[in-house]
Number of protein chains: 2
Amino acid sequence: MDPGFEARLREGGETFEERDATLLRAVDEAGSLNAAANGLGRSYARSHERIDDLETAFGPLVERQRGGAGGGGSRLTANARRLLARFDRLRAALTGTAAVEETVLEGRVVAREGELTTVETVAGSVRALAPDVDRVQVVVRADSVTLHDPAEAPPAGGTSARNRFDGRVARIDRGEAVALVTVAVGEGDAPGDDASVADSPTLAALVTIDSVERLALAPDRPVVATLKATATRATPAPDV
Amino acid sequence: MDPGFEARLREGGETFEERDATLLRAVDEAGSLNAAANGLGRSYARSHERIDDLETAFGPLVERQRGGAGGGGSRLTANARRLLARFDRLRAALTGTAAVEETVLEGRVVAREGELTTVETVAGSVRALAPDVDRVQVVVRADSVTLHDPAEAPPAGGTSARNRFDGRVARIDRGEAVALVTVAVGEGDAPGDDASVADSPTLAALVTIDSVERLALAPDRPVVATLKATATRATPAPDV
DNA sequence: CGGAGTTGTATCCATGACGGAAGAACGCGG
DNA sequence: CCGCGTTCTTCCGTCATGGATACAACTCCG
């Protein structure tokens, strides 16, 4: 079951989406709306209409010229390029979060100040942004977990990363440039107690290969994981 | 222009989306598919068909019972509840990234190891995940920036947060439980030089009110911002 | 001056999605 | 044994989407 999404930009009742982005890009490459629509296997008339609609909401997108050398053509405006870049950024951000590994911890809310809560989980207590229910799932995205050398871990008061877990490396999955480090964060496990590592809850952290080497990460090495409360979101737990 | 998305879960050619989630939730509340479809203003026949299709891809979702007390009814399976929870987590994660403030820095790629690059920007050099182009926009999400007390900032080698900026607080926008802190990260600005703060590039950081107080953050106070390379994504810059 | 290859604009039509309606099967309760 | 409110199944009308086609307008070029 793989997660996905469809990115959108809304403005003035009109929504710009993937389909529109590919159309604009095709116009940019082909130099004419006709060729673009043709190349995409879409009808010229609809594409033309679509661009008209988009322009009323997002401002001028293509400069059209009819007649002339080669019969004319269309070019993207600077506004259109900015729109495309904005759309790309949104999609990149969403792609990141949709694709990245995540750790899910079930727990219950034990304190709350507005949206900010303290959630008690098997891995200890976590500060997270949570909706107004009692039992929640805390979602920790692997790319939001920072790992530290225990000797040099920042003191609890000196940083805005308010969640801190002492743990030990359980596993390292190396990729090309990044590595997924699984950290056992069982609360009361004594160092050297093998059984506890196998059983304790884990937290996945996505770090660069570089960091793996700088921190000399290896299975069973102690490590400190920190994560920001504002990057930690909770959702209602399923009441099975 | 506000960003948005449509979350999806794909499995076996079928895609589960918002519409389906609301249908399942309505069945859960109403206790019968008939009442659910009716309440949503959707046709029973279509809703029934849709659930059938979803079940062939995602496994059993509703236990149907026809006849009996009250004519029967439908209840969600545990599988359906897990699916809903999974969908909620995805949506929550996407909502977070779509809604959060972001800082965009233009720059050029000066080094690359696979997907991991070093990008030179006005705010200094940043390690980020970037596609294979020369000029990029680096996107830094405010909830991925961690702030530190300069005196207690972790040494560069002892943490997996590989990007580090020394700066000063430019502005603090307090919310209910969180605050958006704008940090001036100009490279060579001398402390006390007011003009440089106004001109230098800024980085937005989303932290809890709590952290604002612990770190005694206030305009013009020095602060260290760190962020992970794996949470920093770049996209091609628009070639205007 | 005509041809070429566009941009505009209008119209037709195939397809799919959806609601509405109608009817059969079901099983508990009165 | 009958009625009720479901779940199932089928058929039809409607609407939105989008391709296909046709045609006028335009302007540079040979």
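Sequence lines set the chain letters: A, B, ... in the order given, protein chains first and strands last, and positions in each chain run from 1.
Ion pairing between a basic and an acidic side chain is recognised when a charged N comes within 4.0 Å of a carboxylate O; Asp88(B) and Arg25(B) show such pairing.
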- [ ] Please lay out, stage by stage, how Leu129(A) and Leu116(A) fare under the test side-chain contact (heavy atoms from CB on, under 4.5 Å).
- [x] CA-CA 5 Å; Leu129(A) 302 177; Leu116(A) 187 63; 3.9 Å; yes
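DNA chain D is contacted by both Ser74(B) and Ser43(A); Ser74(B) maps to the nucleotide lying nearer its 5′ end (nearest heavy atom per residue). Where Ala35(B) and Ala45(B) meet DNA chain D, the nucleotide closest to each residue was compared, and Ala35(B) sits on the side nearer the 5' end. Map Asp52(A) and Gly70(A) each onto its nearest nucleotide of DNA chain C; the residue landing nearer the 5' end is Gly70(A).
When the side-chain nitrogen and oxygen atoms of Ser32(A) are compared with OP1 and OP2 of dG5(C), none of them lie within a distance under 4.0 Å. OP1 or OP2 of dG18(D) has not a single side-chain nitrogen or oxygen of Arg42(A) nearer than 4.0 Å. In terms of phosphate contacts, Arg46(A) brings no side-chain nitrogen or oxygen within less than 4.0 Å of OP1 or OP2 of dT17(D). Distances shorter than 4.0 Å separate some side-chain N or O of Arg19(B) from OP1 or OP2 on dC18(C).
For Ala69(B), taking side-chain heavy atoms from C-beta onward, the closest of the listed nucleotides dG19(D), dG19(C), dG29(C) is dG29(C). With dT9(D), dT9(C), dG19(C) as the candidates, the nucleotide lying closest to the side chain of Tyr44(A) is dT9(C).
Crowding of Arg10(B) atom CZ: a count of heavy atoms from other residues, nucleotides or ligands under 6.0 Å not exceeding 12. Under a cut-off of 6.0 angstrom, the local environment of CZ in Arg112(A) is crowded, with over 12 non-hydrogen atoms contributed by other residues, nucleotides or ligands.
Residue side chain Arg66(A) does not reach the base of dG8(C) through any donor-acceptor N/O pair under 3.5 Å, judged by distance alone.
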